[in-house]
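First listed ligand is number 1; within each ligand, the first listed atom is number 1. All values reported here derive from a predicted model rather than from experimental measurement. Numbers for residues simply follow the sequence, beginning at 1.
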Amino acid sequence: MIQIIDGNEVAGRIRSELETCLDTLERNGVVPGLATVLMSDDGASETYVSMKRRACDELGIESFHYDVDPGAPADVLLERLDELNSDSAINGVLVQLPLPDHVEEQRVLERLDPLKDVDGFHPENVGRLVTGTPRFKPCTPHGVQRLLAAADVDTEGKDVVVVGRSNIVGKPMANLLLQRSKLGNATVTVCHSRTNDLAEKTRGADVVVAAAGVPELIDGSMLTDGTTVIDVGVNRVEADTEKGYELVGDVEFESAKSRADAITPVPGGVGPLTITMLLYNTVKAASLQENVPVSLPE
Ligand code: NDP
């Protein structure tokens with residue numbers, strides 16, 4: 001029988017384990033603080049930031065928010081980051097991406113204190129991940145690993161196809177799956193827009209992680225029976241709804257469902273885990289900075 005992997009349920013379990021970590025921190029006089037920085041007028045980015053802040057409030061992480069005028073020079077954002085880097089009430093800093101075109105993303109990510117880089121995008125944290133000593137695992141791929149574990153999918157020795165090679169999803173996903181560790185040890189193929197015959201690759205996979213940002217790119221005809229399908233994609237497509245759009249993944253859910261043995265829905269699959277692993281990284285950042293050991297959810 002097909003298993004629909006419920007992201008909200010998995011996220012809820014991890015969040016309740018994080019509460020125990022927060023109790024430990026609190027007994028030692030530490031309340032973790034997360035700063036969110038938004039340099040955009042984009043409605044979706046605003047929504048993502050407010051969801052992250054709400055999740056902090058619900059768990060007992062203090063959240064601080066900073067808007068930077070999207071028309072301002074890059075230096076205004078960089079100076080804000082310098083302030084946050086030296087503010088001891090703030091353990092984690094999240095700069096909501098994408099940034100305006102005139103702001104060089106890499107310069108911004110490099111300006112963050114790597115110990116506060118709860119997205120895990122600073123080159124030092126990327127390097128640690130690639131060399132097998134991760135500090136902050138990027139939230140979305142880390143969440144995907146947790147979903148696979150929750151669905152009892154052991155990735156060891158499995159053929160996993162990751163569709164997408166971005167720095168925030170595809171590449172760190174491939175690196176995590178390659179680690180010599182639990183939730184890793186997979187044989188990983190990374191596909192992208194120049195891949196020849198994507199369907200041939202996905203048909204050969206035990207697990208497909210779709211992160212291309214192309215609505216319903218992968219359908220049932222591109223899968224073999226028994227594949228596990230994790231759909232990271234969140235795409236707005238026009239629809240006859242109140243908002244004028246609906247959210248669809250990178251996987252055509254109905255046809256894929258007829259082939260898969262387990263699959264994540266959109267919404268309600270990967271999304272709740274992305275936010276939860278941000279909370280996880282913020283708790284970890286506070287624990288590292290304040291020297292208070294906590295038992296993070298395994
Ligand atoms: P990017 O646009 O940065 O990267 C997309 C990747 O997919 C690129 O590597 C691109 O290849 C590849 N790609 C594009 N078209 C195809 C195709 N036809 N066949 C194969 N590969 C293709 O996106 P992100 O990685 O940031 O995000 C991917 C998706 O995940 C988006 O829908 C995004 O909204 C969603 N997302 C969801 C999150 C969640 O919490 N659920 C969190 C983060 C992202 P190339 O490199 O050649 O251009």
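Contact atoms of ligand 1 toward G271: 40 (O), 41 (N) (distance under 4.0 Å to a heavy atom of the residue). Listed by number with element, the atoms of ligand 1 under 4.0 angstrom from any heavy atom of A211 are 5 (C), 6 (C), 7 (O), 28 (C). Numbered from 1 in the order shown, with element, the atoms of ligand 1 that lie under 4.0 Å from a heavy atom of I168 read 26 (O). Atoms of ligand 1 found under 4.0 Å from any heavy atom of N235 (numbered from 1 in listed order, with element): 32 (O).
Distance from atom 42 (C) of ligand 1 to its nearest protein heavy atom, with residue and atom name: T140 OG1, 3.2 Å. Looking from atom 15 (N) of ligand 1 to the surrounding protein, the closest heavy atom is V214 CG2, 3.4 Å. At the shortest separation from atom 27 (O) of ligand 1 among protein heavy atoms lies V169 CG2, 4.2 Å. Among all protein heavy atoms, the one lying closest to atom 7 (O) of ligand 1 is A212 CA, 3.2 Å. Of all protein heavy atoms, the one lying nearest to atom 29 (C) of ligand 1 is G213 N, 3.6 Å. In terms of protein heavy-atom proximity, atom 11 (O) of ligand 1 is nearest to S193 N, 3.1 Å. When only non-hydrogen protein atoms are considered, atom 46 (O) of ligand 1 lies nearest to R165 NE, 2.7 Å. Looking from atom 3 (O) of ligand 1 to the surrounding protein, the closest heavy atom is S166 CB, 3.4 Å.
Looking at R107 and E110, no side-chain N of the basic residue comes within less than 4.0 Å of a carboxylate O on the acidic one, giving no salt bridge. By the 4.0 Å N-to-carboxylate-O rule, R13 lies too far from E17 to be salt-bridged with it. Using a 4.0 Å cut-off between charged side-chain N and carboxylate O, R236 and E246 make no salt bridge. Ion pairing between a basic and an acidic side chain is recognised when a charged N comes within 4.0 Å of a carboxylate O; E83 and R80 show such pairing.
Close N/O approach between T274 and ligand 1 is found [any backbone or side-chain N/O within under 3.5 Å]. The distance criterion of under 3.5 Å between nitrogen or oxygen atoms is met by V234 with respect to ligand 1.
Counting non-hydrogen atoms of neighbouring residues, nucleotides and ligands closer than 6.0 angstrom, the CG atom of D57 exceeds 12 such neighbours. Within 6.0 Å of CG on N196 lie no more than 12 heavy atoms contributed by other residues, nucleotides or ligands.
Distances shorter than 4.0 angstrom do not occur between any heavy atom of G170 and any atom of ligand 1. Using a 4.0 Å cutoff on heavy atoms, T195 does not count as a contact of ligand 1.
Contact annotation: for V163 versus ligand 1, heavy atoms closer than 4.0 Å belong to the side chain alone.
For the side-chain contact (heavy atoms from CB on, under 4.5 Å) test with K52, the passing option among L94, L279, I61, T282 is L94; the others fail.
Of the possible polar contacts, one joining the N281 side chain to the K137 backbone as a donor-acceptor pair under 3.5 Å is found. At distances below 3.5 Å, at least one donor-acceptor pair connects side-chain atoms of S86 with backbone N or O atoms of D82. Here the side chain of N85 pairs a donor or acceptor atom with the backbone of R111 at under 3.5 angstrom.
Distance check for atom 32 (O) of ligand 1: a protein heavy atom is found below 4.0 Å.
Side chain to side chain, D261 and T228 meet the donor-acceptor criterion of an N or O pair below 3.5 Å.
For the residues V232, L278, V266, the heavy atom positioned nearest atom 38 (C) of ligand 1 is part of V232. Atom 17 (C) of ligand 1 has its nearest heavy-atom neighbour, among N167, L97, L217, in L217.
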- request: Go through the steps to decide whether E156 and K182 satisfy the test salt bridge (charged side-chain N to carboxylate O under 4.0 Å, His left out), and finish with yes or no.
  value: CA-CA 8 Å; E156 177 154 341; K182 206 175 116 196; over 6 Å; no
